[in-house]
Trainee: 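One structure is given below, represented as structure tokens, and several questions about it will come after.
The chains referred to below are lettered A, B, ... by the order of the sequence lines, with proteins before strands, and numbering in each begins at 1. Here the structure is a predicted model, which is why all the values come from computation and not from measurement.
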Amino acid sequence: MKISPEEVAHVAQLARLRLSPDQTAKLTGELNDILTHMDKLNQLDTSGVASTNHALESSGPMREDQARPSLERDQALANAPARDDQSFIVPRVL
Amino acid sequence: MELHYLTIAQARELLDRRELSSVELTQALLDRIAASEPSLHAYLTITADAALASAAAADQVIAAGQAGPLTGIPAGIKDVICTQGVRTTCASRILENFVPPFDATLVARLKAAGMVMLGKHNMDEFAMGSSTENSAFGPTHNPWDLKAIPGGSSGGSAASVAAGSAFFAVGTDTGGSIRQPASHCGVVGLKPTYGRVSRLGLVAFASSLDQAGPFARSVADLAEVLQVIAGHDPADSTSSPAPVPDYRAALGRGVKGLRLGLPKEFFAAGLDPEVETAVKAALATLEGLGAELVEVSLPHSDYGLAVYYIIAPAECSSNLARFDGVKYGLSLRSERGSLLDMYLDTRSQGFGPEVIRRIMLGTYALSAGYYDAYYGKAGQVRTLIRRDFAQAFAQCDAIVSPVAPTPAFDLGQKVDDPVQMYLSDIFTLSCNLAGLPGMSLPCGFSQGGRPIGLQLLGPHFAEETLLAIGHAFQGVTDHHAQRPAL
């Protein structure tokens with residue numbers, strides 16, 4: 001088995017997901033099927049091969065650091081589930 | 001005359017001669033939507049009033065003699081692309097009521113070009129899927145056979161263009177999400193080179209793979225849309241500054257002397273016989289037009305699926321961390337609940353099963369102890385896949401293959417088997433891993449009347465070559481001119 005139900009529960013915690021026992025069991029089976037398929041990659045010797053993490057080589061374009069118009073505060077807050085005039089409101093943290 | 005099945009060029013001529021107004025054309029499309037939506041469900045949001053208002057504005061531009069190719073032409077936008085003031089759900093409960101404060105760059109460009117937006121197209125939730133069955137708001141049906149999937153993730157876009165409820169559409173393609181549904185619905189779909197079309201305002205799934213592109217009923221129509229949406233966007237640092245060629249001019253180039261590469265790995269066992277027959281007939285047609293067929297090899301093809309289903313979920317798990325119930329979207333809070341409870345409840349109830357599966361897979365692949373074995377290894381094999389393409393393109397001008405291993409399957413057939421579902425993208429996803437342009441072109445039908453598509457892949461920024469091949473093919477075939485009995 002590539003991944004145990006305990007590991008699935010741990011990964012869910014990392015991903016900020018709450019899984020029911022049924023969901024954990026089902027995902028354990030599915031993730032094992034998928035990860036078994038990934039084993040194929042170990043057939044390849046990739047020592048010395050550089051990793052590709054971007055689709056195209058990019059020069060990392062630069063621009064002048066100039067102030068430009070951006071969203072008004074009201075627009076930025078318009079979709080907030082809870083807000084006041086100037087902030088997003090979240091459950092008490094401290 | 002069925003107004004909803006005109007080509008863009010035909011509609012343009014009638015509009016410019018003032019024999020038809022954009023308001024009349026838009027009303028005809030809204031009527032078509034009303035007639036077809038109960039069986040198709042291609043749209044999540046229909047913006048009829050706004051569409052008629054933009055049509056009236058387009059009519060004034062036309063009257064002033066200032067019309068461009070798309071002025072007054074009605075179209076739909078995939079619901080993963082932000083539209084100012086119009087709900088953009090990504091087909092997810094978590095964004096059910098999200099109203100973007102800005103337009104995606106490609107939408108702003110289309111609006112400036114006079115497009116009339118009819119509404120937002122259905123899709124797999126967050127563009128994750130191959131059948132549009134992962135939409136939280138119910139699947140789209142294939143207009144050729146309502147029992148069949150339309151493909152995915154841009155299934156609403158493909159079905160709508162095929163059914164005449166939009167002249168064109170813009171979707172997104174992360175592993176085949178434009179090409180595969182285009183193939184299953186018998187329309188043309190293009191995934192441009194990575195960086196050719198701005199990603200600003202696309203809700204991100206996998207940032208190194210995502211690319212937006214057009215659907216249309218002909219290659220000539222598609223070129224008009226690409227011309228408008230392609231080009232540099234200073235607000236997207238991965239957008240290419242390469243100049244945009246005249247795509248219309250490329251249409252007439254023909255295929256004489258072009259070398260078309262057949263990857264032997266793509267024609268191996270496992271291909272549906274009807275798909276093989278249709279694709280081979282298309283190859284013979286292209287050869288008859290003067291193209292030269294050459295065998296090429298993509299030796300790491302077999303590893304593409306494994307690489308893709310590590311990299312795409314890894315990027316997805318990072319991108320979708322933003323959905324936390326704070327800034328927008330669903331937010332589930334209880335009286336004494338903590339911040340953590342809000343995250344857990346919102347995300348678990350807001351995301352559907354496939355999105356949760358991919359977030360879990362990606363989080364695992366990036367987690368301590370597994371990063372090198374999965375994400376690191378996948379990145380290295382991605383390099384080998386890119387090299388395969390570079391070597392193949394030293395021997396040919398474009399690669400031709402099937403789009404999907406089978407015609408559209410039935411709704412419900414693969415929903416309980418993720419690996420089987422993932423295998424339907426086997427021929428399309430390596431294109432995204434390498435950042436290449438790829439096109440799907442109608443090339444036949446199964447016995448059961450379901451469309452079959454031909455895939456054309458080109459080197460980076462070789463969209464003109466793909467358009468030239470596609471247009472030449474459509475000049476001597478009529479697969480793209482068939483219409484579903486809907």
Side-chain angles (χ1 to χ4, degrees), chain A residues 2-3 7-8 10-20 23 26-28 30-31 33-44 46-63 68 71-72 74-83 88-93, chain B residues 98-99 101-102 194-195 208-209 234 237-238 240-241 300 302-303 305-307 309-310 317 321 324-331 333 337-345 347-348 351 356-357 359-361 363-364 367 374 376-384 386 418-419 432-435 460:
Chain A
K2 316 285 298 178
I3 182 168
E7 282 178 293
V8 169
H10 172 66
V11 172
Q13 181 71 18
L14 294 175
R16 298 291 183 258
L17 292 166
R18 198 195 296 283
L19 301 181
S20 69
Q23 265 180 308
K26 185 155 188 264
L27 271 169
T28 304
E30 289 169 348
L31 294 180
D33 284 352
I34 297 167
L35 292 169
T36 301
H37 190 89
M38 309 301 184
D39 269 348
K40 214 181 177 64
L41 296 183
N42 295 323
Q43 298 165 358
L44 287 174
T46 51
S47 45
V49 178
S51 180
T52 297
N53 298 324
H54 301 284
L56 294 179
E57 289 90 31
S58 163
S59 55
M62 306 291 276
R63 64 167 172 80
R68 291 178 301 174
L71 286 183
E72 297 296 328
D74 253 1
Q75 286 181 296
L77 288 169
N79 281 284
R83 56 170 285 193
F88 296 100
I89 295 185
V90 296
R92 181 174 293 279
V93 179
Chain B
F98 174 63
V99 179
F102 68 100
Y194 184 87
S208 81
L209 305 166
S237 67
T238 60
S240 170
H300 296 94
D302 230 16
Y303 302 94
L305 188 78
V307 171
Y309 277 99
I310 293 169
S317 70
D324 57 5
V326 174
K327 301 175 292 300
Y328 35 65
L330 183 73
S331 184
R333 306 173 186 214
S338 66
L339 186 67
L340 180 62
D341 287 325
M342 180 185 76
Y343 295 154
L344 293 171
D345 290 334
R347 291 167 60 78
S348 310
F351 292 135
I356 287 184
R357 197 178 288 132
I359 290 174
M360 290 288 294
L361 189 56
T363 305
Y364 177 73
S367 65
Y374 289 105
K377 185 79 179 183
Q380 289 178 304
V381 181
R382 185 176 184 183
T383 303
L384 300 178
R386 291 169 62 95
V419 174
N432 300 72
L433 292 169
H460 294 131

Trainee: With side chain to side chain contact (heavy atoms under 4.5 Å, CB included) as the criterion, how do B:His300 and A:Leu44 come out once you've worked through the C-alpha distance, each side chain's angles and the decisive distance to 0.1 Å?
Mentor: CA-CA 9 Å; B:His300 296 94; A:Leu44 287 174; 3.9 Å; yes
Trainee: Whether the side chain of B:Thr363 engages the backbone of A:Ala15 through a donor-acceptor N/O pair (distance < 3.5 Å, no angle test) should be reported.
Mentor: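 Such a contact is absent between B:Thr363 side chain and A:Ala15 backbone.
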Trainee: Looking at A:Asn53, A:Leu77, A:Val49, A:Asp39, which one has more heavy-atom pairs under 4.5 Å with chain B than the rest?
Mentor: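 Ranked by heavy-atom pairs under 4.5 Å with chain B, first place is A:Val49.
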Trainee: Pick one of side chain, backbone, both or neither for A:His37, based on which atoms fall under 4.5 Å of a heavy atom in chain B.
Mentor: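 It is both, since atoms from each part get that close.
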Trainee: State, to 0.1 Å, how close B:Asp302 and A:Lys40 come at their nearest heavy-atom pair, and which atoms those are.
Mentor: O-CE, 3.1 Å
Trainee: Can you check whether B:Ile356 reaches A:Leu19 side chain to side chain, under 4.5 Å on heavy atoms?
Mentor: yes
Trainee: Quick one: CD1 on A:Ile34 to CE on B:Met360, what's the gap to the nearest 0.5 Å?
Mentor: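 Separation between the atoms: 11.0 Å.
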Trainee: Contact part of A:Val90 toward chain B, heavy-atom cut-off under 4.5 Å: side chain, backbone, both or neither?
Mentor: both
Trainee: Is there a donor-acceptor pair closer than 3.5 Å between any side-chain N or O of B:Ser348 and the backbone N or O of A:Arg18?
Mentor: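 Between the backbone of A:Arg18 and the side chain of B:Ser348 there is a qualifying donor-acceptor contact (under 3.5 Å).
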Trainee: I'd like to know which of B:Leu433, B:Leu340, B:Leu339 tops the heavy-atom pair count under 4.5 Å against chain A.
Mentor: B:Leu339
Trainee: Side chain to side chain contact (heavy atoms under 4.5 Å, CB included) for B:Val419 and A:Thr36? Distances and angles first, verdict last.
Mentor: CA-CA 10 Å; B:Val419 174; A:Thr36 301; over 6 Å; no
Trainee: Where do B:Arg333 and A:Pro91 come nearest, in terms of heavy atoms and distance?
Mentor: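 Heavy atoms of B:Arg333 and A:Pro91 come nearest at NH1-CD, 4.0 Å.
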Trainee: With distance as the sole test, does B:Gln380 use its side chain to make a donor-acceptor pair with the main-chain N or O of A:Thr46 at under 3.5 Å?
Mentor: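 Answer holds: yes.
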Trainee: Will you find, in the side chains of B:Tyr303 and A:Gln43, an N or O donor that is under 3.5 Å from an N or O acceptor?
Mentor: yes
Trainee: Does A:Asn79 use its side chain to pair, donor to acceptor, with the backbone of B:Lys327 at less than 3.5 Å?
Mentor: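 Answer holds: no.
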Trainee: Given the options A:Leu71, A:Leu35, A:Leu31, which has more heavy-atom pairs under 4.5 Å with chain B than any of the others?
Mentor: A:Leu35
Trainee: Can you find a heavy atom in the side chain of A:Leu14 that is under 4.5 Å from one in the side chain of B:Ser367?
Mentor: yes
Trainee: Would you name the heavy atoms of A:Ser51 and B:Gly376 that are closest together and state the gap between them?
Mentor: OG-O, 4.2 Å
Trainee: How close do A:Leu17 and B:Leu344 get, heavy atom to heavy atom, and via which atoms?
Mentor: N-CD2, 3.6 Å
Trainee: I'd like to check the salt bridge (Lys or Arg N to Asp or Glu O under 4.0 Å) partners of A:Arg16; sequence neighbours left out, ordered by chain and number.
Mentor: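 Counting only residues at least two positions away or on another chain, A:Arg16 forms no salt bridge (Lys or Arg N to Asp or Glu O under 4.0 Å).
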Trainee: Below 4.5 Å, heavy-atom pairs only: which of B:Tyr343, B:Tyr309, B:Tyr374, B:Tyr364 has the largest tally toward chain A?
Mentor: B:Tyr364
Trainee: Return the OG to CZ distance between B:Ser237 and A:Arg63, rounded to the nearest 0.5 Å.
Mentor: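 Answer for the OG-CZ pair, B:Ser237 versus A:Arg63, is 10.5 Å.
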Trainee: What is the distance from atom NZ of B:Lys377 to atom CE of A:Met38, rounded to the nearest 0.5 Å?
Mentor: 14.0 Å
Trainee: Heavy-atom pairs under 4.5 Å with chain A - which of B:Asp324, B:Asp345, B:Ile359 has more of them than the others?
Mentor: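 Among B:Asp324, B:Asp345, B:Ile359, the one with the most close pairs to chain A is B:Asp345.
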Trainee: What pairs with B:Ser338 under side-chain hydrogen bond (donor to acceptor under 3.5 Å, both in side chains), at least two apart in sequence or on another chain?
Mentor: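 Listed in chain order: B:Asp341.
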Trainee: Identify which of B:Gly325, B:Gly435, B:Ala306 forms the greatest number of heavy-atom pairs closer than 4.5 Å to chain A.
Mentor: B:Ala306
